[in-house]
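A quick write-up on the structure given underneath.
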There are 4 protein chains.
Amino acid sequence: MSPKTKKQNEVIRQQSIAALKQAALNLFAHKGYSSTSISAIAKEAKVSKGLMYNYFDSKQALLLAIIEDAADLGQELLPNVLDDTTDPKEQLRAIINGTFLWVTSNVEYYKLIASLVFQEEALEVMGDFIKMKAASHIHLGEQLFQKIGYDNPRIMAFEFGALFDGIFMAHLSLKEFYPLEEMRLFMLKKYDLV
Amino acid sequence: MSPKTKKQNEVIRQQSIAALKQAALNLFAHKGYSSTSISAIAKEAKVSKGLMYNYFDSKQALLLAIIEDAADLGQELLPNVLDDTTDPKEQLRAIINGTFLWVTSNVEYYKLIASLVFQEEALEVMGDFIKMKAASHIHLGEQLFQKIGYDNPRIMAFEFGALFDGIFMAHLSLKEFYPLEEMRLFMLKKYDLV
Amino acid sequence: MSPKTKKQNEVIRQQSIAALKQAALNLFAHKGYSSTSISAIAKEAKVSKGLMYNYFDSKQALLLAIIEDAADLGQELLPNVLDDTTDPKEQLRAIINGTFLWVTSNVEYYKLIASLVFQEEALEVMGDFIKMKAASHIHLGEQLFQKIGYDNPRIMAFEFGALFDGIFMAHLSLKEFYPLEEMRLFMLKKYDLV
Amino acid sequence: MSPKTKKQNEVIRQQSIAALKQAALNLFAHKGYSSTSISAIAKEAKVSKGLMYNYFDSKQALLLAIIEDAADLGQELLPNVLDDTTDPKEQLRAIINGTFLWVTSNVEYYKLIASLVFQEEALEVMGDFIKMKAASHIHLGEQLFQKIGYDNPRIMAFEFGALFDGIFMAHLSLKEFYPLEEMRLFMLKKYDLV
DNA sequence: TATGAATGAGGTTTCATTCAT
DNA sequence: CATGAATGAAACCTCATTCAT
């Protein structure tokens with residue numbers, strides 16, 4: 001007799017949104033954004049084709065929502081690291097282990113964002129976001145390497161970031177043929193953290 | 001009006017093919033394969049839409065032809081390196097400088113292939129090709145690091161490859177904000193080549 | 001929480017129905033029937049999309065209800081005119097002033113119906129209604145002009161009707177640029193009513 | 001062996017464009033712009049759905065092209081009238097007969113434009129065009145009535161225009177029930193042209 | 001060899017309508 | 001009485017591909 005309660009509706013909404021985002025993330029990551037159709041997303045999410053447009057203005061808006069989620073997830077990595085009182089080496093170890101863990105447990109997000117880096121149009125939308133992320137990571141790395149006592153902390157930070165990207169990129173393309181775990185241990189050893 | 005000789009025809013063919021490949025490479029690299037239309041390629045190449053189908057069976061066939069070109073170009077890097085008699089450090093320096101030069105003068109090829117790495121379907125087509133390349137690069141690196149006398153040449157080779165990929169990936173997304181030249185010098189220094 | 005009385009319910013019903021009709025009329029008149037969505041109507045009426053279907057079988061049924069309202073409103077013009085004892089010139093003046101007043105205070109209705117005249121499908125539904133209206137207006141005009149003593153009252157009635165339509169049509173398309181009030185005075189003068 | 005000649009292509013293009021415009025005009029006029037789908041236009045024009053987009057950027061662009069055609073056609077009415085040396089009464093007669101002829105032989109154009117007058121969005125696009133047309137018609141009428149010697153030529157011109165619109169509007173909604181020919185004769189008589 | 005008009009499948013998006021609550 | 005999440009048909013539009021010349 002009466003309409004669904006607000007709470008009920010909110011639950012339903014969140015379920016549908018989550019299903020759509022999850023489906024889209026999977027497909028975007030595996031087939032690429034442009035090659036993924038709304039139909040495919042709807043089918044994967046087991047909802048109707050039109051439902052996406054109840055929650056997102058367009059396919060692009062859905063992409064942006066997913067990227068924001070990725071950014072939020074990424075933020076969760078840092079808090080334990082940003083504590084200044086911790087031993088910098090301990091922080092570095094946390095970053096390495098945390099990043100390997102994050103990337104392996106969020107491969108889809110990583111794949112998606114990495115793939116967008118190569119699309120000019122996407123870069124225009126995300127460019128500033130990526131530049132800011134990059135800058136803050138480099139800055140953090142620089143500080144740590146300085147505290148630890150390295151000579152050229154800025155370049156060290158760049159090397160550090162490049163290693164991450166290169167390792168994960170190779171991991172994505174070579175999959176089980178890439179010695180990911182070995183590389184994690186190598187990094188720990190490289191920075192004298194074992 | 002006079003019938004063209006076979007030679008003349010061949011020249012025309014090669015010009016058209018080259019124009020199509022060049023146009024497609026540019027557009028694929030900048031906008032992505034899926035987001036690039038045959039119309040756009042034809043317009044960029046200043047030929048008709050239909051002509052593409054005289055030389056390539058499909059859009060995909062055009063992509064494959066470009067990838068093969070990239071592979072051939074990549075091969076040209078190595079010959080001077082593969083000479084066993086050369087000093088391994090000299091070879092390493094040649095690889096570093098050569099790769100930086102190759103990537104910066106062939107950004108489009110690099111971008112295109114890197115972007116395809118994130119598309120499962122493309123990977124299925126190119127997977128073996130990439131794996132072989134990777135394996136042979138790793139193998140070459142391993143040999144060099146061993147000759148030079150490093151401790152764990154295999155892992156060193158993986159690090160070496162990862163650094164390249166990471167540096168170029170960051171270069172692509174950050175563009176002029178990334179200190180590419182500094183990173184080249186850093187690599188030379190890192191391997192004690194200056 | 002307490003159950004509403006039948007009377008209360010009836011009031012609510014009428015309010016909702018009125019709100020829906022009013023919203024629909026506005027939107028239909030300004031954007032056209034086909035270009036107006038149920039969503040837009042519901043939003044404008046500040047009720048839910050589903051509610052419309054409690055009171056009207058379909059979007060078309062809502063349109064028909066509005067047209068009927070317009071017809072009823074139109075009827076209200078005539079009673080004071082149909083009194084045979086009144087001076088025919090007085091009646092003519094009443095018709096002119098009344099019509100100008102009605103159209104300017106019910107622009108939406110006028111616009112909606114005028115716009116439907118150009119849609120074959122709508123005409124099929126409203127055709128007879130319009131023909132009857134037209135016929136009765138012409139008949140009324142004919143009688144008046146005859147009583148007043150004009151020569152060719154039938155054609156005069158057609159001219160009279162055409163003037164109205166033409167004036168209001170221009171008023172709708174030219175808006176404030178059209179000298180509507182001047183035209184009213186002109187008509188009064190034309191039929192020697194001032 | 002060789003591509004179609006430019007001339008051949010131009011002929012084909014013009015045929016397709018004409019077929020599309022004709023089909024669209026018919027459907028727009030009979031069912032209304034919004035209620036007419038591209039599919040329906042393509043079917044009526046006996047071409048494929050996609051072909052419209054070879055020649056027009058969008059459904060709206062097609063509409064605009066048709067309106068421009070209508071404007072061009074409308075222009076053809078005037079030349080014989082604009083000659084200052086002709087007797088003004090003769091000119092008035094030409095305008096009346098010409099307009100009746102034009103509207104009856106171009107009902108579709110007239111219907112389409114008249115129907116768009118009631119759509120706010122369309123008016124925004126065509127507003128200036130209509131205002132200019134209206135202004136120039138009124139101006140022309142004013143001059144003629146002045147030359148002929150009428151008292152209030154400006155208002156006469158407005159009445160003249162309103163009569164046209166009203167007559168044709170009634171003709172459109174009442175069709176064969178409206179005495180169109182009688183109205184033409186009436187107008188000729190009204191302005192003392194017989 | 002070269003063209004570009006034409007096709008139609010399939011993409012993104014809108015929306016009237018249904019229905020569980 | 002009232003809600004709005006969900007549906008799916010159908011709208012507008014794009015594009016790889018074909019083909020007559």
Side-chain angles (χ1 to χ4, degrees), chain A residues 1-6 8-13 15-17 34-42 47-60, chain B residues 3-4 8-10 12-13 15-16 34-42 47-55 57-60 62, chain C residues 3-4 8-10 12-13 15-16 34-42 47-55 57-60 62, chain D residues 1-6 8-13 15-17 34-42 47-60:
Chain A
M1 283 300 178
S2 52
K4 294 196 191 69
T5 66
K6 285 213 168 143
Q8 280 176 314
N9 265 332
E10 189 56 24
V11 170
I12 292 175
R13 286 174 64 85
Q15 280 174 345
S16 294
I17 290 177
S34 298
S35 306
T36 299
S37 72
I38 303 285
S39 284
I41 295 171
V47 298
S48 73
K49 225 180 358 164
L51 188 58
M52 197 213 84
Y53 291 92
N54 273 17
Y55 299 113
F56 304 96
D57 284 344
S58 62
K59 191 182 167 186
Q60 227 198 92
Chain B
K4 297 193 186 68
Q8 283 175 316
N9 267 335
E10 187 56 23
I12 292 174
R13 287 175 60 88
Q15 282 176 343
S16 296
S34 297
S35 305
T36 299
S37 70
I38 300 285
S39 282
I41 295 169
V47 298
S48 72
K49 237 185 330 181
L51 190 57
M52 199 214 83
Y53 289 90
N54 277 9
Y55 300 118
D57 285 344
S58 64
K59 192 182 169 187
Q60 228 196 87
L62 174 54
Chain C
K4 298 194 185 66
Q8 282 176 316
N9 267 337
E10 187 55 24
I12 292 175
R13 284 174 62 89
Q15 281 176 344
S16 293
S34 297
S35 305
T36 299
S37 70
I38 299 285
S39 282
I41 295 170
V47 300
S48 73
K49 235 183 332 180
L51 189 58
M52 198 214 83
Y53 289 92
N54 276 10
Y55 299 118
D57 284 345
S58 64
K59 191 183 169 186
Q60 228 196 88
L62 174 54
Chain D
M1 283 302 177
S2 53
K4 295 195 188 70
T5 65
K6 283 211 170 144
Q8 281 175 312
N9 265 331
E10 190 55 25
V11 170
I12 291 175
R13 287 175 62 86
Q15 281 175 345
S16 294
I17 289 177
S34 298
S35 306
T36 300
S37 72
I38 303 285
S39 284
I41 295 171
V47 299
S48 72
K49 228 179 356 166
L51 188 58
M52 198 213 82
Y53 292 93
N54 273 19
Y55 299 113
F56 304 96
D57 284 343
S58 62
K59 192 183 167 185
Q60 225 198 90

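Labels below follow one simple rule: chain letters A, B, ... track the order of the sequence lines, proteins then strands, and each chain is numbered from 1. No hydrogens, no waters, no symmetry mates; every other heavy atom, side chains included, goes into these values.
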About how many Å separate [atom2] of [Y] and [atom1] of [X], when rounded to the nearest 0.5 Å?
X	Y	atom1	atom2	result
I38(B)	S58(B)	CD1	OG	8.0 Å
M52(A)	I41(A)	CE	CD1	7.0 Å
I17(A)	N54(A)	CD1	CG	9.5 Å
E10(A)	T5(A)	CD	OG1	10.5 Å
S34(B)	K59(B)	OG	NZ	6.0 Å

With heavy atoms under 4.0 Å as the rule, sort [X] into base, sugar-phosphate or nothing.
X	value
S34(D)	nothing
I12(D)	sugar-phosphate
K49(A)	base
N54(A)	base
T5(D)	nothing
S35(D)	nothing

Starting from [atom2] on [N], measure out to [atom1] on [X] and report it in whole angstrom.
X	N	atom1	atom2	value
I38(D)	dG10(E)	CD1	C1'	17 Å
Y55(A)	dA6(F)	OH	C1'	8 Å
K59(B)	dG10(E)	NZ	P	15 Å
Q15(A)	dG4(F)	CD	P	18 Å
M52(C)	dC15(E)	CE	C1'	12 Å
E10(A)	dA5(F)	CD	P	9 Å

Proximal nucleotide (of [options]) relative to the [X] side chain:
X	options	answer
Y53(C)	dT18(E), dC12(F), dT7(E)	dT18(E)
R13(C)	dA16(F), dC1(F), dT3(E)	dC1(F)
S37(A)	dT3(E), dT17(E), dG11(E)	dG11(E)
N9(A)	dA6(E), dA5(F), dT3(F)	dA5(F)

dC15(F) pairs with, by Watson-Crick or G-U criteria that keep both distances under 3.5 Å: dG8(E)
Strictly by Watson-Crick or wobble contacts shorter than 3.5 Å, is anything paired with dA20(F), and which nucleotide is it? dT3(E)
Need to verify one output field. Residue with the more 5' nearest nucleotide on DNA chain E, S39(A) or V47(D)? V47(D)
Side chain to side chain contact (heavy atoms under 4.5 Å, CB included) assessment of L62(C) paired with Y55(C): CA-CA 9 Å; L62(C) 174 54; Y55(C) 299 118; over 6 Å; no
On DNA chain F, compare the nucleotides closest to Q8(D) and Q60(B); which residue's is nearer the 5' end? Q60(B)
Of D57(D) and S58(B), the one whose closest nucleotide on DNA chain F sits nearer the 5' end is D57(D)
S16(D) side chain N/O closer than 4.0 Å to the phosphate oxygens (OP1, OP2) of dA5(E)? no
